[in-house]
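Heads up: the structure comes next, in structure tokens.
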There are 2 protein chains.
Amino acid sequence: MLAIWEREKVPVGHILIEENAEAERIGFVLDGLLAMVKTLPDGRRHIIGLLTPADLFGRAFNGKSGYRIEALTDAELLTCPRTPFEELLTRSPEAERLFLLNVLDELDAAREWVMVLGSGKVVQRVASLLLILCRHKVQGAIAPRAPINLHIQLKRVDIAHLLGTSPESLSRSFKQLERDGIIAINTPYNMDVLDLCELTEAAGNALLIEDFGL
Amino acid sequence: MLAIWEREKVPVGHILIEENAEAERIGFVLDGLLAMVKTLPDGRRHIIGLLTPADLFGRAFNGKSGYRIEALTDAELLTCPRTPFEELLTRSPEAERLFLLNVLDELDAAREWVMVLGSGKVVQRVASLLLILCRHKVQGAIAPRAPINLHIQLKRVDIAHLLGTSPESLSRSFKQLERDGIIAINTPYNMDVLDLCELTEAAGNALLIEDFGL
DNA sequence: CCGATTCATTGATGCCCGTCAACGAGATGC
DNA sequence: GCATCTCGTTGACGGGCATCAATGAATCGG
């Protein structure tokens, strides 16, 4: 019954689903970080969204993927071929319900990105990204006023493409947040969020602090 | 069985679902135009997405709505209370499958917006919006080189918020597209797309012309 | 028929930020 | 240990665009 599922490891840079191709496999992210990447004809690439552990990738039922699924870090996956997966959903209403709920969450996440990208200046978008990362980290647990340590697994270029800006502007925004005492940059891939409230303020309140239950 | 469904008309400006409230009703758009609107604390409002005829609004299963559903024009709807709708989905796998496919389409649309908003200059975003409207209009039918007439149901302010820009910049972008001979502006709410290929070009190829089957 | 309101457009101005360029730091390989 | 490569940061510059302000056009109400 569960024999269709297969555990696999992929290295950084590995392409799981090519752009404009039928997805052959469906899968969950167990560990690591994947990205949905759209390559423009002029060579520029744009990151549409991230896939973190517990997220589902690949598309069932509705045709080709408009973007590439790519591993941003070494990653561990749980995958299965598309057709058996679709049959599973058809046979088991429980599985289909779980899948539906997952897709609804993805929809919320996508709309949240629309919000972030649509409004405001670069600093606000950076702050919003950090807020989302913090939310992932604390996961509902009330964070005290203690600093929140973040491991950024993304290169600056990738973050820039994700936020629709350039690495240079991104760097300046980080520095500004640091000057304002909102974050502390330890290394390019490790920073502490010192004040969640001010960070929310800096995000232009696009993402409400209520999300944290504070 | 179908008694739970109710046909209703709402006037422009009517709010169907308030921000951060449980959706009491689920429904389809039959005619008119709805929008998902997020109101920022500073009073500015941001349009996350549009709902056109055949689209589904309101959320089943997963909690509160993060945005308001508002009628941008007089609209005609087919709605039913949320709870019976959820029971319907639970009882009927066929209905749940249809709902799932609809949500998957919404997800694609949302990701497309992420693309549009994330890349490029204002003119490109305007061109992308026009492309999407054209795609709605021709609906798979191959459009000849004849001009495509578009009825824009949105005010300039709303389009601006949708594209993450200001009405002034929007106006200038429209004018530029007209100067380039790509569109003709008859009235603020009615324009012709004269050259689909050049429009695609102006969109920065973010949305490929392949979508039209051309 | 005329004022009031709403909305689209246009112009002027200042700033944000995308681009180009150079530099520094860390990692890798021979 | 040095050359090389990748990546992040910083500086300078110019253009795009948000903002403010004014005008014009259209709709509405009395």
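Numbered from 1 within each chain, the chains take letters A, B, ... in sequence-line order. Hydrogens, waters and symmetry mates play no part in the numbers below; they use all other heavy atoms, side chains included. Quick caveat: nothing in here was measured; it's all calculated off a predicted structure.
Between the C1' atom of D/dA18 and the CG atom of B/Leu163 lies a distance of 15 Å, rounded to the nearest Å. If you measure from atom CZ of B/Phe174 to atom P of C/dT9, you get 8 Å, rounded to the nearest angstrom. Rounded to an integer number of Å, the gap from B/Ile152 CD1 to C/dC7 C1' is 16 Å. Remark: C1' of D/dG16 and CD of B/Gln124 are 12 Å apart, rounded to the nearest angstrom. When the P atom of C/dC16 is taken as reference, atom CG of A/Leu170 falls 17 Å away, rounded to whole Å. What separates CG of A/Leu117 from P of C/dC17 is a distance of 14 Å, to the nearest Å. Whole-Å rounding puts the B/Gln176 CD to C/dG11 P distance at 14 Å. Put simply, CG on B/Asn186 is 15 Å from C1' on C/dA8, counting in whole angstrom units.
In the interface, the side chain of B/Glu168 is not paired with the base of D/dC17 through any donor and acceptor atom under 3.5 Å apart. With hydrogens and angles ignored, a donor-acceptor pair closer than 3.5 Å exists between the side chain of B/Arg172 and the base of C/dG11.
The side chain of A/Lys155 approaches D/dG8 more closely than any other nucleotide in the set C/dC17, D/dA18, D/dG8.
Of the charged side-chain nitrogens involved, none lies within less than 4.0 Å of a carboxylate oxygen, so that B/Glu24 and B/Arg82 do not count as a salt-bridged pair.
Enclosure of atom CD in B/Glu18 by more than 12 non-hydrogen atoms of other residues, nucleotides or ligands within 6.0 angstrom is indicated.
The shortest distance between the side-chain N/O atoms of A/Thr165 and the OP1/OP2 oxygens of C/dG18 is below 4.0 Å. One finds no side-chain N or O of A/Lys121 lying less than 4.0 angstrom from the OP1 or OP2 phosphate oxygen of C/dC17. For D/dG8, neither phosphate oxygen OP1 nor OP2 lies less than 4.0 angstrom from any side-chain nitrogen or oxygen of A/Ser171. The side chain of A/Ser166 contributes no N or O atom lying less than 4.0 Å from OP1 or OP2 of C/dC17. Listed pair B/Lys175 / C/dT10 meets the phosphate criterion, a side-chain N or O lying under 4.0 Å from OP1 or OP2. Note on A/Tyr189: a side-chain N or O is less than 4.0 Å away from OP1 or OP2 of D/dG8. In this model, the phosphate group of C/dT9 is approached by a side-chain N or O of B/Arg156 to a distance below 4.0 Å at OP1 or OP2.
A tilted orientation is assigned to the rings of B/Trp5 and B/Phe28, their planes being inclined by 30° to 60°.
Each side-chain hydrogen bond (donor to acceptor under 3.5 Å, both in side chains) pair with one or both residues in residues 150-161 of chain A, not counting sequence neighbours, appears once here: A/Arg45-A/Asp158.
Considering every non-hydrogen atom in both B/Ala23 and B/Ile17, the closest pair reads CB-CD1, 3.7 Å.
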